[in-house]
Protein chains: 2
Amino acid sequence: MSSKKHLRATTPTVRRVPTQRPGPAGGKRDQNRLRRLTQLCDAGLAEFLERGIEAVTVDEIARAAGTAKGNFYRYVEDKRDLVDALIAPLRAAFDDAMDRCEGATDAATDVSGLNTAYMTLALDLLKLFADHRDLVRLYLQEARVPGGGARAPVADLERHVTARTIALTKVAHEHQLLGKIPPEVSALAVIGATERLVLAHLRDGLLANEAQIATSLVRMVMEGIAG
Amino acid sequence: MSSKKHLRATTPTVRRVPTQRPGPAGGKRDQNRLRRLTQLCDAGLAEFLERGIEAVTVDEIARAAGTAKGNFYRYVEDKRDLVDALIAPLRAAFDDAMDRCEGATDAATDVSGLNTAYMTLALDLLKLFADHRDLVRLYLQEARVPGGGARAPVADLERHVTARTIALTKVAHEHQLLGKIPPEVSALAVIGATERLVLAHLRDGLLANEAQIATSLVRMVMEGIAG
DNA sequence: CCAAAACGTGACCGTTCAGTCACCTTAATT
DNA sequence: AATTAAGGTGACTGAACGGTCACGTTTTGG
């Protein structure tokens with residue numbers, strides 16, 4: 001057949017990711033693997049926040065995670081894949097909150113039911129910000145740049161967030177809750193205001209008092225800037 | 001002395017930028033030079049908007065401007081310098097508007113004088129957006145990413161805008177125009193809402209009706225989302 | 001205990017890119 | 001018209017980086 005050296009017992013293609021003996025879920029193999037992946041994610045996230053996704057090299061991430069570059073590719077396809085893994089939980093948390101709100105608005109029979117639904121959403125999002133501070137910051141820092149290469153998952157999420165928020169606002173608009181302002185406009189204005197405040201808090205350390213940001217924002221949304 | 005070939009008649013250092021015969025301002029030399037610089041700026045801006053500042057190479061900019069890479073460096077130090085040249089007019093226009101507004105608030109003797117000052121600022125900024133559409137879009141797309149390398153001028157401008165806007169808002173706050181909301185919070189909320197709307201308009205082609213965006217925004221700032 | 005899968009490594013390869021340089025052409029100035 | 005600065009070019013260099021590979025080590029399932 002082939003020469004004695006380099007004979008490949010199993011599959012001909014080079015396997016980067018384990019497929020034959022991944023071990024039982026929750027077993028030692030699984031644990032180790034998850035730990036390394038987490039280290040890579042954490043290291044990547046820290047670097048991305050500091051210098052931007054695009055500027056960070058695979059080698060830097062691997063070293064910061066305490067391993068070698070070659071090993072990086074055993075856990076993840078490339079930098080974009082790592083960003084994907086990073087962003088996925090954020091997207092999931094956002095969808096959870098939105099799903100819950102949509103369920104509540106669908107079930108609501110009167111205006112006050114709608115308002116509770118929106119207040120619940122606000123609280124859910126507040127919790128989301130608290131639970132995923134660094135991820136939210138990464139999203140805010142990177143979302144607006146054209147999504148080529150590794151930034152694509154972030155840009156995707158931005159479109160997703162925009163679309164779902166506008167859709168939700170249209171419901172409010174149909175129930176006459178928004179006066180003459182087009183739903184797209186009010187949706188984007190609220191998103192924009194919220195995101196800018198959260199960014200100032202997370203990135204610049206401005207506005208240390210989180211509760212005050214939240215209540216001020218709600219007040220401004222309800223009554224305008226002079227509230 | 002030296003060999004006949006390659007003798008350097010004048011200065012020993014390689015000159016990239018003309019210093020000895022730049023020609024009179026407005027003269028032909030000056031015109032040509034300005035034209036090329038403009039081509040490079042235009043080409044760079046277009047590429048930056050499409051794929052992000054970081055991803056664009058010097059060679060691409062030069063080719064898009066219809067010239068060779070080597071020539072790029074005769075007009076500009078490097079990519080960062082080009083971004084600097086692009087951003088400078090935007091910064092200048094912003095400062096003009098803010099200076100005018102500060103002058104008006106200083107001169108104002110009553111609340112209505114302050115309000116006119118702020119409305120004038122809003123109109124000035126509206127004009128700024130119209131006069132520098134692509135530059136504003138570039139700013140919005142790139143401002144939040146950590147400012148390493150070529151993106152530094154944009155990140156600088158973001159800090160500048162934030163600082164001046166907050167300072168201006170503090171004046172309003174001292175005149176009791178903002179109720180209980182801290183001036184930093186209202187300033188950032190308004191910036192955020194405005195920027196998000198402008199970005200949707202410029203980048204995504206959403207919200208085609210500019211006048212409606214503007215009036216809606218003013219209404220929301222004044223009366224809240226339900227205006 | 002042992003075979004082999006998974007893990008880990010860093011040298012290596014091919015590509016890309018910023019910045020330079022020697023040479024050529026154009027045109028402004030005297 | 002002659003001189004020479006300025007404009008223009010693309011090949012070249014060195015550095016950086018993504019991704020691979022051959023090899024060594026560890027872990028585990030049987």
Side-chain angles (χ1 to χ4, degrees), chain A residues 3 5-24 26-37 39-40 47 51 53-63 65-82 149-150, chain B residues 2-37 39-40 44 47 51 53-63 65-82 149-150:
Chain A
S3 84
K5 280 174 117 173
H6 307 321
L7 90 150
R8 211 170 282 281
T10 51
T11 48
T13 56
V14 177
R15 296 224 156 273
R16 280 180 260 274
V17 169
T19 51
Q20 303 184 226
R21 264 154 74 176
K28 196 153 191 177
R29 278 265 154 88
D30 203 45
Q31 275 179 22
N32 292 145
R33 194 166 176 79
L34 193 66
R35 171 147 42 91
R36 245 303 128 71
L37 188 60
Q39 286 170 355
L40 287 169
E47 298 291 328
R51 289 161 35 227
I53 291 177
E54 191 123 39
V56 176
T57 72
V58 169
D59 197 69
E60 284 165 348
I61 299 171
R63 294 210 176 269
T67 187
K69 179 163 66 162
N71 208 27
F72 176 93
Y73 292 97
R74 292 202 188 274
Y75 290 84
V76 106
E77 286 268 337
D78 52 15
K79 203 166 70 177
R80 177 193 161 132
D81 196 27
L82 187 72
Chain B
S2 52
S3 84
K4 218 157 209 167
K5 280 170 120 176
H6 308 320
L7 91 150
R8 210 170 282 283
T10 52
T11 49
T13 57
V14 177
R15 296 225 156 273
R16 280 182 257 274
V17 168
T19 52
Q20 302 184 229
R21 263 155 73 176
K28 196 152 194 177
R29 279 263 154 91
D30 203 45
Q31 275 179 24
N32 291 147
R33 192 163 179 81
L34 193 65
R35 170 149 42 92
R36 249 297 133 74
L37 187 60
Q39 286 170 354
L40 287 169
E47 298 290 327
R51 290 162 34 228
I53 291 176
E54 191 123 40
V56 176
T57 71
V58 169
D59 197 70
E60 285 165 348
I61 300 171
R63 295 211 176 270
T67 186
K69 180 162 66 160
N71 207 27
F72 176 94
Y73 293 97
R74 291 203 189 273
Y75 290 82
V76 106
E77 285 270 337
D78 51 17
K79 203 166 70 175
R80 178 195 161 131
D81 196 28
L82 186 72

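Each chain gets a letter, A, B and so on, in the order its sequence line appears, and its residues count up from 1. Just the heavy atoms: all of them, side chains too, but no hydrogens, waters or symmetry mates, feed the values below.
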A.B. asks: Restricting to side-chain hydrogen bond (donor to acceptor under 3.5 Å, both in side chains), what partner residues turn up for B:Asn32, sequence neighbours left out?
C.D. replies: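 For B:Asn32, no residue satisfies side-chain hydrogen bond (donor to acceptor under 3.5 Å, both in side chains) once neighbours in sequence are set aside.
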A.B. asks: Could you tell me which non-hydrogen atom of A:Ala62 sits nearest to which non-hydrogen atom of A:Leu40, and how far apart they are?
C.D. replies: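 Heavy-atom minimum between the residues: CA-CD2, 4.3 Å.
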A.B. asks: Quick check for you: to the nearest 0.5 Å, what is the distance between B:Gln39 atom CD and B:Thr67 atom OG1?
C.D. replies: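 One gets 8.5 Å once the value is rounded to the nearest 0.5 Å.
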A.B. asks: CG of B:Asp81 to OH of B:Tyr73: how many Å apart, nearest 0.5 Å?
C.D. replies: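 Here the rounded value is 11.0 Å.
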A.B. asks: To the nearest Å, give me how far apart CD1 (B:Ile61) and C1' (C:dC17) are.
C.D. replies: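 One finds 12 Å between C1' of C:dC17 and CD1 of B:Ile61, rounded.
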A.B. asks: Rounding to an integer number of Å, can you tell me how far B:Glu77 CD sits from C:dT20 C1'?
C.D. replies: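 Those two atoms, CD and C1', are 14 Å apart.
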A.B. asks: In whole angstrom, give the distance that lies between atom CD of A:Glu54 and atom P of D:dC17.
C.D. replies: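 It is 12 Å, rounded to the nearest whole Å.
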A.B. asks: With sequence neighbours excluded, tell me which residues meet side-chain contact (heavy atoms from CB on, under 4.5 Å) with B:Arg63.
C.D. replies: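 For B:Arg63, the residues satisfying side-chain contact (heavy atoms from CB on, under 4.5 Å) (neighbours in sequence not counted) are B:Asp59.
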A.B. asks: Please state how far atom CG in A:Asp78 lies from atom P in D:dC17, giving the value in whole angstrom units.
C.D. replies: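 The answer, rounded to whole Å, is 16 Å.
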A.B. asks: Is any side-chain heavy atom of B:Ile61 closer than 4.5 Å to a side-chain heavy atom of B:Lys79?
C.D. replies: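 Of all side-chain heavy-atom pairs linking B:Lys79 with B:Ile61, at least one is under 4.5 Å.
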A.B. asks: What integer distance in Å separates B:Arg51:CZ from C:dT16:P?
C.D. replies: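 Going from CZ in B:Arg51 over to P in C:dT16 covers 13 Å.
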A.B. asks: Nearest whole Å is fine: how far is C:dA27 P from B:Gln31 CD?
C.D. replies: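 Rounding to the nearest Å, CD of B:Gln31 and P of C:dA27 are 13 Å apart.
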A.B. asks: List the residues meeting salt bridge (charged side-chain N to carboxylate O under 4.0 Å, His left out) with B:Glu60, not counting sequence neighbours, and say none if there are none.
C.D. replies: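 Partners of B:Glu60 by the salt bridge (charged side-chain N to carboxylate O under 4.0 Å, His left out) criterion, ordered by chain and then number, come out as B:Arg51.
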A.B. asks: Can you check each nucleotide of nucleotides 7-16 of chain D against protein heavy atoms at under 4.0 Å and return B for base, S for sugar-phosphate only, - for none, in 5' to 3' order?
C.D. replies: BBBB------
A.B. asks: How many Å lie between OH on B:Tyr73 and P on C:dG19, as a whole number?
C.D. replies: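 In whole Å, C:dG19 P lies 4 Å from B:Tyr73 OH.
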A.B. asks: Once rounded to the nearest 0.5 Å, what's the spacing between atom CD1 of A:Ile53 and atom CD of B:Glu54?
C.D. replies: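 Nearest 0.5 Å value for the CD1-CD distance: 11.0 Å.
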A.B. asks: Starting from C1' on C:dA27, measure out to CG on B:Asp30 and report it in whole angstrom.
C.D. replies: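 Going from CG in B:Asp30 over to C1' in C:dA27 covers 15 Å.
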A.B. asks: Could you write out DNA chain C as a dot-bracket string, with dots for unpaired bases, | for bases paired across to another strand, and Watson-Crick or G-U pairs counted at under 3.5 Å?
C.D. replies: ||||||||||||||||||||||||||||||
A.B. asks: Under the side-chain contact (heavy atoms from CB on, under 4.5 Å) rule, collect the residues that match up with B:Arg80, sequence neighbours excluded.
C.D. replies: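 Checked B:Arg80 against side-chain contact (heavy atoms from CB on, under 4.5 Å); matches are B:Asp78, B:Ala150, B:Ala152, B:Pro153.
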